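All remarks here apply to the structure that follows.
All values reported here derive from a predicted model rather than from experimental measurement.
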Amino acid sequence: GYIKGGANYNIDSRSNVFFNAGTISRQPNFDAIFPNYANIKNDDIQNEQITSVELGYGYLSPQVRLNVNAYSTVWGNRFVSRSLTNSQGVDGFAQFRDIDVRHNGIEVEGDYRPINTLKVSGMLSVGDWRYTKDFEAELFDENQQSIGTGTLYTKDAKVGDAAQLTAYTAVDYQVVKGVNVDLGYRFVDGLYADYSITDSDFTRPDNDGALQLPSYGLLDAGVTARFDLFGQSASLRVNVNNVLDNTYIAESNSNIHATDGSTTWNGVDVRNYVWFGFGRTWNASLKYEF
C-alpha cells in the first residue's frame, strides 16, 4: 500500500511553490519469506519502506519557463541474500536485512525564448545516492546450522547504474517558416558500475567502494521540416546522434578497481565487463496527419 499527498501555492500569476510527500509499504521478495530454503516461514520479516519528500518552485512567463525541485528518498528494510565464507573457511549462506539506501538531489529544468524563432532549453540534475550503513547477518551452512556472522561494508557506497550528475542544453532555431534545426549537448558524470553489494569486494572493511566510470559528453543534431502533403499536414525529421562519434562507457557490470599494475582504458581496468555506448548514428521519420 501507499499514501501520497502534496500541495501547491501560487505566489502570483507567474510563480508557484509546491511539495509532495509519500510513503510506500512494499512486500519483501520471496527469499525473505522463506530464507533458509525450507518450508519454514520467517515470522520476523517486515515490509520494505520507501519514504519520499520533494520541494519545488516554478516560474512561467511568455519567454521563460523554469522548474526547480529538491528531493530526498529513503528505501529501507531491503533484504539481500548471498553465499559467504566464514573466518574458518566454511562455505555458507547469509541473509542481510534492513538494508537502507538514501537518494538526495536537486533538479533544474526550463527553457527561454528570446525571440519567436529561437528556443534555448536546459536541465541539470545533481544527486547524492548512497547506502547508509554496513549490514550484518548470521551465516548458515548447507544444513542450516549457524556458523558465524557475515558483514557487508557498504556505508557511503555510491548507488550504481545511474548517473548522479547529468546536464543537458539545446538550441532550436527556425531557419525559415516550416524548417527548424536543433543542437543538443548532454553531459554525464557520477556514473558508477552496476554492481551488487554482495560482491566479494564489500566483505572487506577497507574496500574501494563503487567503481566510477569516466564522464562523457554527447552532441546531437536534427532538422525538422513541416509541409503539406496531399492536402494534409506532414513533417520530416532527421536526427544525427553522437555527432562527434565519441567513444564512451555507458555501463559496467563489474566493480574491478584499477591498481598500479593494471591495464586501463580511460582509467578503467580492462578486466571489467562493460558496455560501450553507440557511436555516430542517424535516424529519419516521416509523420503524416489524416
Side-chain angles (χ1 to χ4, degrees), residues 1-26 48-76 100-130 132 158-175 177-192 215-224 226 233 235 237 239 241 285 287 289:
Y2 64 86
I3 300 174
K4 296 181 180 180
N8 177 81
Y9 176 70
N10 293 326
I11 300 172
D12 53 35
S13 61
R14 295 186 175 183
S15 298
N16 69 291
V17 292
F18 64 90
F19 84 92
N20 300 299
T23 182
I24 299 174
S25 182
R26 182 177 184 268
E48 298 178 0
Q49 300 293 328
I50 305 169
T51 58
S52 182
V53 177
E54 179 186 26
L55 301 173
Y57 168 79
Y59 180 84
L60 181 64
S61 74
Q63 289 80 33
V64 177
R65 181 186 62 86
L66 175 68
N67 286 302
V68 181
N69 72 288
Y71 63 87
S72 180
T73 300
V74 177
W75 187 354
D100 295 336
V101 181
R102 176 177 287 108
H103 293 70
N104 295 332
I106 298 176
E107 300 172 331
V108 182
E109 61 95 15
D111 52 61
Y112 171 55
R113 287 186 177 272
I115 55 178
N116 291 335
T117 57
L118 176 64
K119 182 175 76 170
V120 180
S121 57
M123 64 81 64
L124 173 66
S125 176
V126 180
D128 183 22
W129 308 342
R130 300 174 182 266
T132 61
K158 289 281 194 173
V159 176
D161 197 31
Q164 299 190 26
L165 189 152
T166 57
Y168 180 78
T169 184
V171 177
D172 188 311
Y173 180 67
Q174 184 184 85
V175 181
K177 186 176 181 180
V179 178
N180 284 54
V181 297
D182 56 86
L183 287 173
Y185 181 79
R186 179 164 60 99
F187 177 74
V188 173
D189 197 6
L191 175 62
Y192 295 85
S215 61
Y216 61 88
L218 301 177
L219 180 67
D220 301 327
V223 178
T224 303
R226 298 174 180 85
S233 297
S235 62
R237 170 75 180 175
N239 284 317
N241 307 301
S285 62
K287 183 171 73 172
E289 298 180 7

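By the neighbour-count criterion of 12 heavy atoms within 6.0 Å, atom CZ of R102 is sparsely surrounded, having that number or fewer from other residues, nucleotides or ligands. Within 6.0 Å of the CD1 atom in I115, the count of heavy atoms belonging to other residues, nucleotides or ligands exceeds 12.
Under a 4.0 Å N-O distance rule, the pair D128/R130 qualifies as a salt bridge. Salt bridge absent: D172 and R113 never bring a charged side-chain N and a carboxylate O closer than 4.0 Å.
Considering only heavy atoms from C-beta on, S25 comes within 4.5 Å of Q49 through its side chain. Taking 4.5 Å as the limit, every side-chain heavy atom of N241 sits out of range of all side-chain heavy atoms of L218. Contact annotation: the side chain of Y2 never approaches that of T23 to less than 4.5 Å [non-hydrogen atoms, C-beta and beyond]. Between T166 and Y168, every side-chain heavy-atom pair lies at or beyond the 4.5 Å cut-off. Between W75 and R26 there is a side-chain heavy-atom pair separated by less than 4.5 Å. A 4.5 Å side-chain heavy-atom check between K287 and R237 finds every atom pair outside the cut-off.
Scanning both residues, G6 and N20, for their nearest heavy atoms gives CA-OD1, 3.8 Å. In plain terms, the two heavy atoms of V223 and D182 that are nearest each other are N-OD2, 4.3 Å. Shortest non-hydrogen contact noted between W129 and Y71 is NE1-OH, 3.0 Å. Here the closest heavy-atom approach between residue Y57 and residue S15 is recorded as OH-OG, 2.9 Å. Listed here is the closest heavy atom pair of S125 and E107: OG-CG, 3.7 Å. Contact detail for A163 and D189: the closest heavy-atom pair is CB-O, 3.7 Å.
Paired with Y59 under the rule side chain to side chain contact (heavy atoms under 4.5 Å, CB included), one option of L66, N67, I11, D12 passes, and it is L66.
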Applying side chain to side chain contact (heavy atoms under 4.5 Å, CB included) to L165 and F187, what does each step give before you reach the verdict?
CA-CA 8 Å; L165 189 152; F187 177 74; 4.0 Å; yes

If you apply the rule side chain to side chain contact (heavy atoms under 4.5 Å, CB included), what do you find for N69 with F18, and how did you get there?
CA-CA 9 Å; N69 72 288; F18 64 90; 4.3 Å; yes

Working for side chain to side chain contact (heavy atoms under 4.5 Å, CB included), residues V171 and L118:
CA-CA 7 Å; V171 177; L118 176 64; 3.5 Å; yes

Stepwise, does the side chain to side chain contact (heavy atoms under 4.5 Å, CB included) test hold for I50 with V74?
CA-CA 6 Å; I50 305 169; V74 177; over 6 Å; no

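Once rounded to the nearest 0.5 Å, the distance linking CG of N239 with OG of S285 reads 7.0 Å. To the nearest 0.5 Å, the span separating CG on D100 from CD on E48 amounts to 10.5 Å. The NE2 atom of H103 sits 7.5 Å away from the CD atom of Q164 when rounded to the nearest 0.5 Å. Going from atom CZ of R14 over to atom OG of S61 covers 5.0 Å, rounded to the nearest 0.5 Å.
Note on residues 53-65: pairs passing salt bridge (Lys or Arg N to Asp or Glu O under 4.0 Å), not counting sequence neighbours, are R65-E109, R65-D111.
Using modelled atom types, one finds no donor on one side chain facing an acceptor on the other under 3.5 Å when comparing N180 with T224. N16 and N10 share no side-chain donor-acceptor pair at under 3.5 Å.
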